[in-house]
Amino acid sequence: QSVDAAMIKAQALLDQRQPEAALALLGPFERAHTGQPAFDYLIGLCYLDTNQPTRAVFALERVLAIEPDHPQAKAELARAHIMLGEIHAAAELVEKVANDDRVPAEARRTLWALYADLGKPDARSPLAEMSYANRLRLFARLNVAGGYDTNVSAATSLTSLQLPSLEALGSAVIPDSARARSAATALISGTANGVYALDRNWALVSGVGFDRHANQNASAYDLISLDGHAGIVATDGPRTVSFRLAAQDAQLGERRIRQALGGTGDIQIPLPDRWSINPYVQIFQLNYARESERNTRRSLIGAASVKGYSLFDRDGTWFGGLYAGVEQARQGFSFYGQQFQGLRLGTEYRFAPSWTLGAQTDIEQRRYGAQEPLFARKRFDHEVDAKIGLVYDLGNHWSSSVDVITTRAQSNIGIYDYSRVSALLGISRVFQ
């Protein structure tokens, strides 16, 4: 069929609240007709109504690049920015369409109500009488997965080890309980987050999360972690500044192993050409249950970056970052302390309307503060983690995923040297 016929049918499907079907109809024409305002506007609506605001932004910006006075594109672009939480960009567009009679009054009321969730509108606005009744926004995500892990214990595969302090006794045998252990694994994790707008520029944020890993016939390595955060977010023009207090509690098997308490601060700075940077700092106190000599204070500074791109007329995102920091140990136990630095690189690429491919690599080096008593040397680690995943959008906020994750930790002390591969099949639901 022709693109014109497809667009007519897609508009009818949108009117019938079937955006997934409309997007599937337009998808085959996207590569050839990107840059045509009528097509970009319609597929932008499809992306919005299938909860893909980033792709909607790209499509609607193409419309306005050619037709800068397109009122409906401005209104829908504002809705996309609101869905992304981009307050400043949304504010400019909302105020532009507030008095534009070419946009239906009901649409303007709906848009202003959505915008009001991000902060109280200016009382001088012509739509101020449509002010918001709901300042609170809640989001949640639940994920269930299962698969196989070649090393649930994150332990060495060595069977013996030479200890300089006991050299006269020969090699020490490493018991099975301290060696690499493979197992079928299942996990369930979830997060819940809330944003409460104090006004147009300030908001309170909070959230909680949990992560539960269970391993078949290896329950000693089952992991349970709980975490929470609370803080404040401020917007200054296009920039966003946030400060949060955070806590985490982790349990391995039946043993409580570590608690963390601290805070984070970051600035998000949008730049031209679909690029943004995010400098941040973190300070945490790490306390180990029944092993207080291992307690450290972790301080970190870093910067992350996100860049949008297009490939074969499909949109994707590059992300990356650098960080460095120190864990300061208690006096007399400096071999537990370390200096570390790391690099993260990755991408997400939506190569079809419902399919997203993701890849990520993390590299970290750690130098410890003093010789380990048993090994008579300072420990040095080099770790590389890699992940590749495929996500399929099932619609109605459901998605399924397949992930393969590898870890290679190299150390000059053999007991800390290990490899690990896991494969997981999961399903997720977003609530908002």
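If you're wondering where the values come from, they're calculated on a predicted model, not measured in any experiment. Note that these values count all heavy atoms, side chains included, but never hydrogens, waters or copies made by symmetry.
- Between Ser182 and Tyr148, the shortest heavy-atom contact is OG-OH, 3.1 Å.
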CA sep, side-chain torsions, deciding dist, call: Val306, Thr317, side chain to side chain contact (heavy atoms under 4.5 Å, CB included)
CA-CA 7 Å; Val306 177; Thr317 303; 3.2 Å; yes
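- A salt bridge does not link Arg420 to Glu383: none of the charged side-chain nitrogens sits closer than 4.0 Å to a carboxylate oxygen.
- Nearest approach of Ile43 to Ala59, heavy atoms of both residues: CG2-CB, 4.1 Å.
- Counting only heavy atoms from C-beta outward, the side chains of Tyr323 and Ile301 never approach each other to under 4.5 Å.
- The closest donor-acceptor contact from the side chain of Asp222 to the backbone of Gly253 lies at 3.5 Å or more, if one exists at all.
- Atoms OG1 and OH, on Thr54 and Tyr47 in that order, are 11.5 Å from each other to the nearest 0.5 Å.
- Cation-pi geometry between Arg429 and Phe431 is met: the NZ or CZ atom falls under 6.0 Å from the ring centre, inside 45° of the normal.
- Between Leu14 atom CG and Arg17 atom CZ the span is 11.5 Å, to the nearest 0.5 Å.
- Side chain of Asn151 to main chain of Ala180: no donor-acceptor pair is present (N/O by atom type, distance under 3.5 Å, no hydrogens or angles).
- Asp385 and Arg344 are not joined by a salt bridge, as no carboxylate oxygen comes within less than 4.0 angstrom of a charged side-chain nitrogen.
- Asp249 and Gln251 form no side-chain donor-acceptor contact under 3.5 Å, judged by distance and modelled atom types alone.
- Considering every non-hydrogen atom in both Arg377 and Asn412, the closest pair reads NH1-O, 2.8 Å.
- In this structure, Arg212 places its CZ atom where more than 12 heavy-atom neighbours from other residues, nucleotides or ligands lie under 6.0 Å away.
- Contact record, Ala220 with Leu252: O-CG, 3.7 Å, taken as the closest heavy-atom pair.
- If you check the side chains of Asp149 and Thr185, you find no donor sitting under 3.5 Å from an acceptor.
- The shortest distance between side-chain heavy atoms of Phe39 and Glu30 falls below 4.5 Å.
- Remark: side-chain polar atoms of His70 are paired, donor with acceptor, to backbone N or O of Ala73 under 3.5 angstrom.
- For the residue pair Gln268/Thr240, the side-chain donor-acceptor check at 3.5 Å is not satisfied.
- Inspection of the Arg298 and Gln285 side chains reveals no N or O donor paired with an N or O acceptor under 3.5 Å.
- Closest approach of Leu424 and Ala145 over heavy atoms only: CB-CB, 4.5 Å.
- In terms of modelled atom types and a separation under 3.5 Å, the side chain of Ser305 and the main chain of Ser276 share a donor-acceptor contact.
- Looking only at atom types and distance, the side chain of Arg244 has a donor-acceptor partner in the side chain of Ser242 under 3.5 Å away.
- Between Phe210 and Asp227 the shortest side-chain heavy-atom distance does not fall below 4.5 Å.
- In this structure, Arg350 and Gln52 have side chains that are in contact, with non-hydrogen atoms separated by less than 4.5 Å.
- By the 6.0 Å and 45° rule, Arg366 does not stack over the aromatic ring of Phe340.
- Residues Leu187 and Asn143 form a side-chain contact, since some pair of their non-hydrogen atoms from C-beta on lies under 4.5 Å apart.
- The CG atom of Asn287 lies 4.0 Å from the CG atom of Asn295; values are rounded to the nearest 0.5 Å.
- Here CE of Met7 is found 7.5 Å from CG of Leu26. Values are rounded to the nearest 0.5 Å.
- With hydrogens and angles left out, the side-chain atoms of Tyr416 and Gln410 include no donor and acceptor closer than 3.5 Å.
- Looking at Asp15 and Gln11, their side chains do bring a donor and an acceptor atom within 3.5 Å of each other.
- Side chains of Asp403 and Lys387 form a contact here, defined as non-hydrogen atoms less than 4.5 Å apart.
- Asp266 and Thr264 form no side-chain donor-acceptor contact under 3.5 Å, judged by distance and modelled atom types alone.
- Geometrically, Arg379 engages Tyr368 in a cation-pi contact, judged by NZ or CZ lying under 6.0 Å from the ring centre and within 45° of the ring axis.
- Checking side-chain atoms of Arg141 against main-chain N and O of Val430 turns up no donor-acceptor pair under 3.5 Å.
- Taking the side chain as every heavy atom from C-beta outward, Leu286 and Arg258 approach each other to under 4.5 Å.
- Residues Gln365 and Phe380 meet the side-chain proximity criterion, which asks for heavy atoms closer than 4.5 Å.
- Of the possible polar contacts, none joining the Asn396 side chain to the Trp398 backbone as a donor-acceptor pair under 3.5 Å is found.
- Between the side chain of Tyr349 and the backbone N or O of Leu311, at least one donor-acceptor pair lies under 3.5 Å.
- A salt bridge does not link Asp381 with Arg367: none of the charged nitrogens is closer than 4.0 Å to a carboxylate oxygen.
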Verdict with reasoning, Tyr41 to Leu60, per side chain to side chain contact (heavy atoms under 4.5 Å, CB included)
CA-CA 6 Å; Tyr41 175 70; Leu60 294 166; 3.9 Å; yes
Mind running side chain to side chain contact (heavy atoms under 4.5 Å, CB included) on Thr34 and Asp40 for me, showing each step along the way?
CA-CA 6 Å; Thr34 291; Asp40 282 334; 4.3 Å; yes
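- If you check the side chains of Tyr309 and Thr347, you find a donor sitting under 3.5 Å from an acceptor.
- Note that CG of Leu13 is 6.5 Å distant from CG of Leu25, once rounded to the nearest 0.5 Å.
- Separation of atoms CG (Leu245) and CG (Leu261) is listed at 7.5 Å; rounding is to 0.5 Å.
- Thr356 contributes no side-chain N or O that, together with a main-chain N or O of Val391, makes up a donor-acceptor pair within less than 3.5 Å.
- Ser189 and Asp211 share no donor-acceptor pair across their side chains, judged by distance under 3.5 Å alone.
- Annotation: Gln328, atom CD; neighbour count of heavy atoms from other residues, nucleotides and ligands within 6.0 Å does not exceed 12.
- A salt bridge is absent between Lys9 and Asp4: the closest approach of a Lys/Arg side-chain nitrogen to an acidic carboxylate oxygen does not fall below 4.0 angstrom.
- Closest approach of Ser400 to Leu394, counting heavy atoms only: N-CD1, 4.0 Å.
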Hey, mind stepping through Val384 and Glu364 against side chain to side chain contact (heavy atoms under 4.5 Å, CB included) and telling me if it holds?
CA-CA 7 Å; Val384 178; Glu364 183 173 284; over 6 Å; no
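- Around the CD atom of Gln16, the shell of radius 6.0 Å holds more than 12 heavy atoms that belong to other residues, nucleotides or ligands.
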